Novice: 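The structure is given below, and queries will be raised subsequently.
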Amino acid sequence: MQSMKEIMQNRYSCRNFKDEKIADEVVREIINLTRLTPSSQALEAWKFVVVSGELLKELGSICNNQPQVSGCSHAVIILARTDLQSKDEYLTRIITSKKKDEQKTQKYIKNVALKTDLLSQAELKQYASLQCYMALANLVNIAESFDVKSCIIGAFDYEKLVKFVNLKEQFKPCIVVALGLSDDVPTPKIRQSLEDILVWKR
């Protein structure tokens, strides 16, 4: 596997994928490692929907007919979950799963709810989406470690994607990632220098 330095140097946004499928087990392991991403209050406010086969054509159409989606091996839809308030079963379940004692668990739930209970649905989606973007960054780099290329897709018909996913209303589409083997000739990565972006105060 590639080192982290190699991953950061080599990962790019793939525009053309080979007509060759990667193993489902590889995609499963990419998601398995991505789920370890840190999140605010450890709420893991995400869900991952993997799409493959003929459904990629429909998903490609929803994503503004971007060929990277219809032509990839697998696509991952990252969903932000908004059932993060005291009334929601998920909040209690995810916090209880951290295996703290009962007093600490109840305090944990109360402290989270003091924040999330004040948020509107739109604000909850934004809060959860920020966590999803952290998972996204890890997902594409983890994929690169398996020599699987990726393309991040932010343009899609939101309402059509909601219907396509067909899950409960607390799951809100955040981003789509196309995965596959590259048929590109990658260009050198050009970034600002460290001196351009770093401010060091002592």
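Reckoned from all heavy atoms, side chains included, excluding hydrogens, waters and symmetry mates. Just so it is clear, the structure is predicted and the values come from calculations on it, not from any experiment.
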Novice: Is there a donor-acceptor pair under 3.5 Å between the side chain of T82 and the backbone N or O of Q170?
Specialist: yes

Novice: Evaluate the side-chain proximity of Q2 to D147: yes if any heavy-atom separation is below 4.5 Å, no if none is.
Specialist: yes

Novice: List in chain and number order the residues that pass salt bridge (Lys or Arg N to Asp or Glu O under 4.0 Å) with K57, two or more places apart in sequence or in another chain; answer none if no residue qualifies.
Specialist: E54

Novice: Could you tell me whether a side-chain N or O of S129 sits under 3.5 Å from a main-chain N or O of C132, the two making a donor and an acceptor?
Specialist: no

Novice: Side chains of L181 and F17: closer than 4.5 Å at any heavy-atom pair?
Specialist: no

Novice: How long is the gap from CD on Q106 to OG1 on T92, to the nearest 0.5 Å?
Specialist: 7.5 Å

Novice: How long is the straight-line distance from OH of Y12 back to CG of D184, given to the nearest 0.5 Å?
Specialist: 4.0 Å

Novice: Indicate yes or no: at least one non-hydrogen side-chain atom of V177 is less than 4.5 angstrom from one of L179.
Specialist: yes

Novice: With rounding to the nearest 0.5 Å, note down the distance linking CD1 in I7 to OG in S145.
Specialist: 4.5 Å

Novice: Could R81 and Y90 be counted as a cation-pi pair, given that NZ or CZ must be under 6.0 Å from the ring centre and within 45° of the axis?
Specialist: yes

Novice: Assigning hydrophobic clusters by single linkage (Ile, Leu, Val, Met, Phe, Trp, Tyr; side-chain heavy-atom cutoff under 4.5 Å), is V50 placed with I142?
Specialist: yes

Novice: Kindly check if the number of other-residue, nucleotide or ligand heavy atoms within 6.0 Å of NZ (K189) is above 12?
Specialist: yes

Novice: Calculate, to the nearest 0.5 Å, the distance between atoms SG and CG belonging to C63 and L161 respectively.
Specialist: 6.5 Å

Novice: Got a second to check how far L84's CG is from Q131's CD, nearest 0.5 Å?
Specialist: 9.0 Å

Novice: State the CD1-NZ distance between I95 and K104, to the nearest 0.5 angstrom.
Specialist: 14.5 Å

Novice: Indicate whether the side chain of N138 and that of T37 have a donor and an acceptor atom separated by less than 3.5 Å.
Specialist: yes

Novice: Can you list everything that forms a salt bridge (Lys or Arg N to Asp or Glu O under 4.0 Å) with E102? Sequence neighbours excluded, please.
Specialist: none

Novice: Q85 and T116: side-chain donor and acceptor closer than 3.5 Å?
Specialist: no

Novice: Does a salt bridge link E58 with K163, judged by any charged N lying under 4.0 Å from a carboxylate O?
Specialist: no

Novice: Taking 4.0 angstrom as the limit, do E144 and K149 come out as a salt bridge?
Specialist: yes

